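This report refers to the structure that appears directly beneath it.
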Amino acid sequence: MSRFWRPGSEKPTAAIVEDEEGGVLFLPTSTSSSSSSGFGYASLERQRQLLPVYKYRKAILYLVERHATTIVVGETGSGKSTQIPQYLKEAGWAEGGRLIGCTQPRRLAVQSVASRVAEEVGVRLGEEVGYTIRFEDQTNPGMTMIKFLTDGVLIREMMEDPLLTKYSVIMVDEAHERSISTDMLLGLLKKIQRRRPDLRLIISSATIEARSMSTFFNIRRKNSMLESADRLPNPEPAILSVEGKGYTVEIHYVEEPVSDYLQAAVNTVLIIHEKEPPGDILVFLTGQDDIDAAVKMLNEEIQHRGRHYLDLLILPLYSGLPRGDQGVVYVVDSGFSKQKCYNPLSHQYPRHPQGKEQAELGGCDRESALEEFYLKEMQPEGIPEMQRSNLVSCIIQLKALGIDNILGFDWPASPSPEAMIRALEVLYSLGILDEDAKLTVPLGFQVAEIPLDPMISKMILSANNFGCSDEILTIAAFLSVQSVWVSMRGVKKEFDEAKLRFAAAEGDHVTFLNIYKGFHQSGKSSQWCYKNFLNHQALKKVIDIREQLVRIIKRFGIPLTSCDRDMEAVRKAIIAGAFANACHLEEYSQNGMYKTIRTSQEVYIHPSSVLFRL
DNA sequence: CGTGACTCT
């Protein structure tokens with residue numbers, strides 16, 4: 001390896017341009033804009049050097065040394081996520097037992113980036129290079145130098161260590177996604193920076209939202225600090241733009257809008273398989289049900305077409321599944337994504353969230369009018385999630401970190417006062433906050449420590465009064481996974497029968513207890529799940545969450561007690577947490593209409609409930 | 001008779 005630039009040594013000779021906001025902007029010095037496609041069988045080291053980010057190695061290290069915050073803008077594929085942490089380690093940022101942290105919004109990304117980096121560094125995952133996600137800590141204290149983690153885990157770590165003293169640098173990746181936890185993390189890191197001027201932040205983003213990020217992180221230091229200012233990093237953020245992708249991307253558009261986007265995506269996959277050279281194909285769809293449906297459709301096609309379709313291996317990939325291997329060549333992007341939209345007054349999620357009526361689809365050979373549509377009409381980013389979400393969990397976490405003035409918190413995107421007040425109301429009515437909006441003792445602090453929706457946490461803590469913590473922990477774990485039922489297309493009758501085997505007259509919560517019992521008796525068998533139309537993966541997650549909850553309540557000194565068949569106790573505990581959602585049946589309604597007590601909102605029992613039409 | 005946005009702790 002050639003020489004590394006170390007912090008404190010002479011600055012690199014790259015083109016530096018002062019930008020209007022006082023940050024430093026590096027422009028690419030290389031004139032060759034050619035991008036190589038594919039890395040062939042080059043060595044790992046050679047592959048690293050071919051990544052676009054490699055040209056900016058010195059610049060990045062220089063900026064991180066000199067600036068408290070560095071904003072790195074670069075397209076997917078530039079190598080930011082895998083390379084920058086390694087550059088930092090090579091430059092000495094992990095020396096003296098310090099950690100280089102790199103956050104990702106999703107668990108899958110944490111695992112795959114971490115294992116790639118471990119491979120490049122040439123170490124076993126979990127040693128010098130590790131990762132932490134919920135239920136899985138692959139780090140070795142005293143040994144780990146680069147640690148990948150979800151931003152949610154880093155926020156949790158702040159409860160133990162509010163200034164994150166173990167970290168010398170924290171890189172927040174995918175900041176352009178503006179997820180609740182990323183935005184919250186950015187706000188908290190800004191606060192930490194005031195107390196820890198030595199901490200370096202790297203904000204990594206795929207889009208030029210860099211300017212607003214830069215304004216957000218621009219902290220004016222007080223005069224009292226001027227004396228030591230020459231030893232401290234510049235508080236004004238630096239912006240660095242990484243040009244290039246590292247591989248070529250050809251984009252093809254459909255010529256006309258398609259009526260069935262799923263069928264169109266499936267057809268495109270078949271065309272690529274038939275006509276293009278071999279390679280893995282990644283298809284982006286909006287959710288688990290569409291993914292499962294597409295897998296089924298493709299497998300049926302393989303059955304029909306036979307022969308040279310038999311080597312087509314169809315694999316689903318979503319959060320609920322274990323990680324699949326990488327190595328993608330073709331991408332089919334349906335252009336649709338699902339978003340939540342929260343109304344603080346009605347507390348409802350609209351069934352059809354805002355979105356484009358027409359989808360784009362890669363795969364055909366010619367450019368078309370739809371390309372223009374794609375470029376003009378499809379917004380790259382929407383309203384940050386923070387501004388369209390229920391803030392109950394978010395507020396309680398900030399409170400637990402000692403941030404009392406929620407309305408005055410410095411958010412990257414401030415939520416509406418209505419949404420904040422609604423969340424404060426709910427927390428107050430649950431007894432989690434007092435009249436001064438402070439966490440109550442012990443309830444509020446305990447709720448903050450439980451990694452669940454505060455309503456469910458309240459349910460758990462109330463269960464102690466009714467002697468049913470055993471049952472309520474099971475119910476809480478079920479309420480924390482998507483759905484334990486597998487999606488059924490075409491086998492409705494058998495599905496309904498399977499469900500009836502577990503159905504309880506008391507409702508869905510008690511039904512969960514029956515499923516849990518059955519799953520345990522089966523020895524957690526996946527065969528048993530398959531027979532009963534249950535999602536094995538989801539039930540294993542229920543077990544994991546339940547185990548985590550058992551550990552937490554034991555720490556609080558709450559015993560695990562069962563009420564046996566006393567479902568009255570279970571119902572009382574549920575109501576203690578969920579009373580804000582109480583409704584009453586409209587007596588004269590023909591169609592089983594209920595109205596919420598709080599706002600007289602019309603509601604109906606969901607068709608997936610065991611109480612539907614009873 | 002008739003449905004379920006996606007993450008994260």
Side-chain angles (χ1 to χ4, degrees), chain A residues 103-111 132-137 149-160 172 174 177-185 188 284-293 317-321 334 336-342 348-355 382 384-386 388-390 392-394 396-398 400-401 447-454 456-457 476-477 479-489 492-493 495-496 499 508 533 535 538 541 544-545 547-549 551-552 590-592 603-614:
Chain A
T103 71
Q104 297 286 335
R106 280 171 297 281
R107 296 160 55 89
L108 190 77
V110 168
Q111 289 175 307
T132 306
I133 55 180
R134 189 186 188 184
F135 305 127
E136 212 184 329
D137 184 9
L149 66 173
T150 47
D151 29 29
V153 168
L154 190 59
I155 292 171
R156 285 275 154 189
E157 283 190 6
M158 285 183 199
M159 294 194 182
E160 301 283 311
V172 180
E174 312 287 4
E177 284 190 22
R178 307 301 304 270
S179 70
I180 285 201
S181 50
T182 307
D183 267 14
M184 214 166 108
L185 185 61
L188 291 164
F284 286 107
L285 300 171
T286 60
Q288 189 176 325
D289 49 352
D290 278 357
I291 293 169
D292 288 336
L317 181 69
Y318 41 77
S319 165
L321 293 170
S334 72
F336 276 118
S337 78
K338 288 177 175 170
Q339 288 202 322
K340 73 176 157 201
C341 175
Y342 174 72
Q348 261 193 325
Y349 290 99
R351 205 178 294 159
H352 291 293
Q354 78 268 29
E385 194 184 14
M386 185 66 83
R388 47 189 168 83
S389 302
N390 182 341
V392 163
S393 299
C394 179
I396 198 154
Q397 291 202 53
L398 291 180
L401 291 168
V447 165
E449 214 173 308
I450 301 174
L452 299 176
D453 182 305
I456 301 175
S457 304
L479 291 174
S480 305
V481 299
Q482 294 251 130
S483 166
V484 292
W485 301 105
V486 289
S487 56
M488 34 77 222
R489 279 170 203 249
K492 247 183 50 58
K493 208 172 169 192
F495 176 75
D496 285 343
K499 234 167 130 175
D508 296 300
F533 294 86
N535 181 339
K541 203 172 163 192
D544 280 344
I545 294 173
E547 280 171 2
Q548 188 191 28
L549 296 175
R551 283 195 300 273
I552 292 171
Q590 299 291 311
N591 52 356
V603 288
Y604 296 87
I605 292 193
H606 195 277
S608 66
S609 167
V610 296
L611 297 182
F612 183 64
R613 288 190 187 278
L614 285 178

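None of the values given here were measured: they were computed from a predicted structure. Order of the sequence lines fixes the chain letters, A, B, ..., with proteins taken first and strands second; residue numbering starts at 1 for each chain. Computed from heavy atoms alone, side chains included, the values below leave out hydrogens, waters and symmetry copies.
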Fill in: Identified side-chain contact (heavy atoms from CB on, under 4.5 Å) partner of A/V447 from the options A/I396, A/I456, A/L452, A/D453
A/I396

Worksheet item: Just by modelled atom types, is the A/S608 backbone N or O under 3.5 Å from a matching donor or acceptor in the A/K499 side chain?
Response: yes

Discussion item. I'd like to know if A/R134 reaches the base of B/dT9 with its side chain, counting only an N/O donor and acceptor under 3.5 Å.
Written reply: no

Worksheet item: Just how far, in rounded Å, is P of B/dG4 from CZ of A/F495?
Response: 14 Å

Worksheet item: Can you check the A/M184 CE to B/dC8 P distance for me, whole Å?
Response: 16 Å

Fill in: Rounded interatomic separation in angstrom, taking CD1 from A/I450 and C1' from B/dT9
12 Å

Worksheet item: Separation of A/I180 atom CD1 from B/dC8 atom P, in whole Å?
Response: 14 Å

Worksheet item: For the pair made of CG in A/L108 and C1' in B/dT9, what is the distance, rounded to whole Å?
Response: 17 Å

Worksheet item: Is the side chain of A/Q104 donor-acceptor paired with the backbone N or O of A/V110 at a distance under 3.5 Å, no angle test?
Response: no

Worksheet, complete the sentence: Contacts of A/E547 meeting salt bridge (charged side-chain N to carboxylate O under 4.0 Å, His left out) (sequence neighbours excluded), chain-then-number -> none

Practice prompt. Using a heavy-atom cut-off of under 4.0 Å over every strand shown, decide if A/T150 touches base, sugar-phosphate, or nothing.
Written response: sugar-phosphate

Practice prompt. Rounded to the nearest angstrom, tell me the gap between atom CG in A/L154 and atom P in B/dT7.
Written response: 21 Å

Discussion item. What is the distance, to the nearest angstrom, from the CD1 atom on A/I291 to the P atom on B/dA5?
Written reply: 14 Å

Worksheet item: Looking across every strand, which nucleic acid part, if any, lies under 4.0 Å from A/I155 by heavy atom: base, sugar-phosphate, or nothing?
Response: nothing

Item to complete: Indicate, with a heavy-atom threshold strictly under 4.0 Å, whether A/Q482 touches base, sugar-phosphate, or nothing.
Response: base

Worksheet entry | Closest listed nucleotide, where the reference is the side chain of A/F612 and the choices are B/dT7, B/dT3, B/dC1 | B/dC1

Practice prompt. For A/S393, check side chain to side chain contact (heavy atoms under 4.5 Å, CB included) against everything at least two apart and list the hits.
Written response: A/P454

Worksheet item: Counting side-chain heavy atoms from CB outward, which of B/dC8, B/dT3, B/dT9 is closest to A/P451?
Response: B/dT9

Fill in: Spacing of A/H606 atom NE2 relative to B/dG4 atom C1', expressed in whole Å
5 Å

